[in-house]
Amino acid sequence: MRATAHMTHMEKEYRAVESLRDREAERLANVSRALGLDGAVTRSMRDVFLALSESWSRLPTGGTATWPSDVCDDHSPFEVSLALDDRGPQLRVLVEPMDAPPSFSSSLTAGMRLRKRLEQSPVQNLAVDFSRLQALEGLLLPPEIKGGKFAAWYAVGFDRERPPILKGYFNLAVQGPARAPQIAEEVLHTLGFHKAWPLMAEILGRREVGAEEVVYFALDLSPVDGARAKLYFRHHNPTAAYLEEVSSVARSHKPGLVAEFCRQFTGGAEGPYGGKGAVTCFSFTDPSDARPTSVTSYIPVTHHARDDEEIRKRITRYLQAQGLDTAPYLKTLEAYARRPLEAGTGIHTYVAVRWKGKPRVTVYFSPEVYSSQPRLQAPVTKVPRPATSIVDYFEEHSIADHPFFARMRREPVRLEVLARLLANFRVGITREFPRRLAWLTARVMDDGIRCVLAKQLNDELGDGDFKRAHRGLFERMMDVLTPWAPQETEDVLSPGRALGRELERCYVTAEPYEGVGASLVVEVYGKQVDTSIADQFRRQHQIPPSKLDWLHLHETLEVEHAGESMDVARLIPSGSASEEAWRGAKAIATASRTFFDMMYRQCFL
């Protein structure tokens, strides 16, 4: 009897769970028919959705999500979107494959099984081509995922005119968030977009460290002409003017469109926009072009409106202003709204605009499998981070993960690159570092901090032996590199001069605690950079180790100084002093990343 009762319960649960997948497939079909898509398109869309969602077809409805999917804010494992332009509506579905029990590992397995399924048993009208993805699997789909919130998503769009195209979306933080730029650069390079990265790096460096993230990479996975590769950036606390500026790098940019779009969907605000960051997608189709073909701007509308009714009004007004039919949007909204729009936010997730001759507006819908969001509340005030987290943050977000170093590691050693790099170090750091450190030491009022800085200054000056002073040892090493050294023109030395100006400001003229914060990053980054450079010299055989005294000494001392940075950080008071330290830390980190962006452009383009 117990076994029978148990099986009866399981059978009931199985039927209920199966109904989730079937219900959503049927809802998509109903929307497709309401949009005027013909029977063949509707059947194809239903079949594709069933194939994409096969791995989680038994997920329960309601309750708590078993996996914190990042597709939607409520962790629904799929979303629907509607793209509207002068060619008519396109209905899209995006799905995250996942197995039970859910994990990154099971998501990778489910995604692999999905790709094999689509190759071996094609879904009606959906052609696939995984050759470009296969070249990138080691980068984008490693066996162990160390960061981000997903492994891969897959999406397909359907309309009256074009065959469906499969797209894959991949987590660039798979090897840790700090390595996302490195992965992005290598992905573009592997696909043949050799000129694209410097412009993308410039966007990452336009604001302070942490304000910009490169988060997703997307790839067309169907055999079509002009197959795209796309990079997605998330911008934290941007303004409308800044998002307009970022979008202007694309060939298809129309001045003013993005800023007006931002105002429309944030209630007229100019920014900075808090909450979940706005997103910009750069699309590349021409390997010979350094600039993206097009750009798409996304606003997470749930973070900028009181409820879904307010969002509906904004979308309707915007579509009308762009001369686009509102009926397809309203029909899709009706299908996905299971509650009053005034009850909260969550039905709408993003609204996006892309300009390529004419505007294309895309609205993203959550199926709200699990929950809606409460009505928008006042933002919570952030508590300032302690100065000790400066050291932790920049140890984790290592400058050695910058694409400049990543590319040096994966290519044969080029002594001319090392000579150019060290020539810039000389004008930007080495020549003036003792003076700058002495100035900061004198200005700091805390005796404990002054004591540590004074010790570091003493180390820099050779502990009283001028022959062991770092500057002299560095110059002797530069003499060894003379055969590979560049002509020291203003253009060649421009990265070092720019970094030197920011070091001068932080150490000499900024508030003392801002200078102390900068010094923490200088020591942490110094250790990481010295180790990376030493690894390069160890790989080459043209210069003997005996000629590299500065490097051996500095590599050892920077490890010691980086350890002392935490001692200094603990002595920085909380409150305004900590905030000043963070400001200096971010300033030097941003200047350092800009320096290596400039070096990348000089050395690899």
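Everything numeric in this text was worked out from a predicted model, so none of it was measured.
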Task: Under-4.0 Å salt bridge between E432 and R436 - done: no
Task: Side-chain H-bond candidate by donor/acceptor type, H235 with T280, under 3.5 Å - done: yes
Task: Side chains of T302 and I347 in contact at under 4.5 Å (non-hydrogen atoms) - done: no
Task: Rounded distance [0.5 Å steps], CD1 in I449 versus CZ in R570 - done: 13.0 Å
Task: Within-4.5 Å side-chain heavy-atom neighbours: F405 and T531 - done: no
Open item on the list: Any salt bridge linking R407 with E411? Criterion: basic side-chain nitrogen under 4.0 Å from a carboxylate oxygen.
Closed with: yes
Open item on the list: So does F150 get a backbone contact from the side chain of N171, meaning a donor-acceptor N/O pair under 3.5 Å?
Closed with: yes
- [ ] Output yes when R409 and D535 qualify as a salt bridge under the 4.0 Å nitrogen-oxygen rule, no when they do not.
- [x] no
Open item on the list: Are the side chains of P512 and R443 in contact, using a 4.5 Å heavy-atom criterion?
Closed with: yes
Task: R207 NZ/CZ over Y242 ring centroid, <6.0 Å and within 45° of normal - done: yes
- [ ] Using atom types as modelled and distance alone, determine if a side-chain donor or acceptor of Q602 lies under 3.5 Å from a backbone N or O of D491.
- [x] yes
- [ ] Evaluate side chain to side chain contact (heavy atoms under 4.5 Å, CB included) for D73 paired with S366, printing each intermediate quantity in order.
- [x] CA-CA 8 Å; D73 286 347; S366 168; over 6 Å; no
- [ ] Decide whether S565 and E523 meet the rule of one side-chain donor and one side-chain acceptor closer than 3.5 Å.
- [x] no
- [ ] Specify the closest pair of heavy atoms between L231 and V214, including all atoms of both residues, with the distance to one decimal.
- [x] CD2-CG2, 4.2 Å
Task: Check: Q528 main-chain N/O paired with S532 side-chain donor or acceptor under 3.5 Å - done: yes
Open item on the list: I need the minimum non-hydrogen distance between A581 and I572, along with the two atoms involved.
Closed with: CB-CD1, 4.0 Å
Open item on the list: Under a 3.5 Å threshold, yes or no: a donor from one side chain and an acceptor from the other, between R314 and Q264?
Closed with: no
Task: Salt-bridge contact E504-R435 (side-chain N to carboxylate O under 4.0 Å) - done: yes
- [ ] Classify the ring geometry between F596 and F404 as parallel (under 30°), tilted (30 to 60°) or perpendicular (over 60°).
- [x] tilted
TODO: Could you tell me if the ring centre of W153 sits under 6.0 Å from that of Y216?
DONE: yes
Open item on the list: Taking D530 first and then K527, would you say they form a salt bridge - that is, a charged N and a carboxylate O separated by under 4.0 Å?
Closed with: no
Task: A178 to H397 - nearest heavy-atom pair and separation - done: CB-CA, 3.4 Å
TODO: Scan side-chain atoms only and decide if Y298 and R234 contain a donor-acceptor pair under the 3.5 Å cut-off.
DONE: no
TODO: For the pair Y393 and W582, name the ring-plane relationship: parallel under 30°, tilted 30 to 60°, perpendicular over 60°.
DONE: perpendicular
Open item on the list: So that I know where these two stand, are F233 and F282 an aromatic pair - ring centroids less than 6.0 Å apart?
Closed with: yes
- [ ] Verify the ring-centre separation between H304 and Y273: is it less than 6.0 angstrom?
- [x] yes
Open item on the list: I'd like to know if the side chain of D74 pairs up with that of S76 as donor and acceptor (distance under 3.5 Å, no hydrogens or angles considered).
Closed with: yes
TODO: Write down the atom of L141, the atom of A151, and the distance for their closest heavy-atom approach.
DONE: CD2-O, 4.0 Å
Open item on the list: Restricting to side chain to side chain donor-acceptor pair (under 3.5 Å), what partner residues turn up for Y169, sequence neighbours left out?
Closed with: none
Task: Flag, side chain of E514 to backbone of G517, donor-acceptor distance under 3.5 Å - done: no
Open item on the list: For the CG atom of L139 and the CD atom of Q175, what is their distance to the nearest 0.5 Å?
Closed with: 6.5 Å
Open item on the list: Could you check whether R426 pairs with E475 (Lys NZ or Arg NE/NH1/NH2 to Asp/Glu carboxylate O, under 4.0 Å)?
Closed with: yes
Task: Basic-acidic side-chain contact under 4.0 Å: E186, R410 - done: yes
- [ ] Could you tell me whether the side chain of S248 and the main chain of E245 form a donor-acceptor pair under 3.5 Å?
- [x] yes
- [ ] Evaluate the side-chain proximity of Y513 to S578: yes if any heavy-atom separation is below 4.5 Å, no if none is.
- [x] no
Task: V522 vs F433, side chain to side chain contact (heavy atoms under 4.5 Å, CB included): CA-CA, chis, key distance, verdict - done: CA-CA 11 Å; V522 166; F433 189 70; 4.0 Å; yes
Open item on the list: Checking Y600 against E185 for the side-chain hydrogen bond (donor to acceptor under 3.5 Å, both in side chains) test, could you report, in this order, the C-alpha distance in whole Å, the side-chain angles of both residues, the deciding distance, and whether it holds?
Closed with: CA-CA 11 Å; Y600 183 101; E185 181 271 340; 2.6 Å; yes
Task: Side-chain touch F261/V351, heavy atoms, less than 4.5 angstrom - done: yes
Open item on the list: If you count heavy atoms of other groups shown closer than 6.0 angstrom to NZ of K276, is the number above 12?
Closed with: yes
- [ ] Decide yes or no for S297 and L243: does some side-chain heavy atom of the first lie under 4.5 Å from some side-chain heavy atom of the second?
- [x] no
Open item on the list: Could you tell me if the side chain of I429 sits less than 4.5 Å from the side chain of N424, heavy atoms only?
Closed with: no
Open item on the list: Would you compute the distance between atom SG of C603 and atom CD of E416 and round it to the nearest 0.5 angstrom?
Closed with: 8.5 Å
Task: Side-chain ion pair, D459 and K455, N-O less than 4.0 Å - done: yes
Task: Enclosure of W484 CH2 (heavy-atom neighbours >12, cutoff 6.0 Å) - done: yes
Open item on the list: Quick check for you: to the nearest 0.5 Å, what is the distance between L437 atom CG and L461 atom CG?
Closed with: 8.5 Å
Open item on the list: Could you walk me through whether V508 and L440 satisfy the side chain to side chain contact (heavy atoms under 4.5 Å, CB included) test, starting with their C-alpha distance in whole Å, then the side-chain angles of each, then the deciding distance to 0.1 Å, before giving a yes or no?
Closed with: CA-CA 6 Å; V508 177; L440 178 61; over 6 Å; no
Open item on the list: My understanding is that only residues two or more places apart in sequence, or in another chain, count here; which of them pass salt bridge (Lys or Arg N to Asp or Glu O under 4.0 Å) with E244?
Closed with: none
Task: Ionic contact status for R476 with D479, cut-off 4.0 Å - done: no
Open item on the list: List the residues meeting side chain to side chain donor-acceptor pair (under 3.5 Å) with E490, not counting sequence neighbours, and say none if there are none.
Closed with: R497
- [ ] Please answer whether the main-chain N or O of P101 pairs with a side-chain N or O of S106 as donor and acceptor at a distance below 3.5 Å.
- [x] yes
Task: Residues E208 and R583 bridged, charged N to O under 4.0 Å - done: no
Open item on the list: Show, in sequence, the C-alpha distance, side-chain angles and deciding distance for V295 and V246, and conclude whether the side chain to side chain contact (heavy atoms under 4.5 Å, CB included) test is met.
Closed with: CA-CA 9 Å; V295 62; V246 165; 5.9 Å; no
Open item on the list: Donor-acceptor check, side chain of R450 to backbone of T441, threshold 3.5 angstrom: yes or no?
Closed with: yes
Task: Min side-chain heavy-atom separation S494-M598 under 4.5 Å - done: yes
Task: Straight-line distance of Y364 OH to T349 OG1, nearest 0.5 Å - done: 8.0 Å
Open item on the list: Regarding R263 and E270, does a basic nitrogen lie under 4.0 Å from an acidic carboxylate oxygen?
Closed with: yes
- [ ] Give the minimum heavy-atom separation between V492 and R420, together with the two atoms involved.
- [x] CG2-NH1, 3.6 Å
Task: Closest non-hydrogen atom pair, A518 against I588 - done: CB-CG1, 3.3 Å
Task: Side-chain H-bond candidate by donor/acceptor type, Q182 with H402, under 3.5 Å - done: no
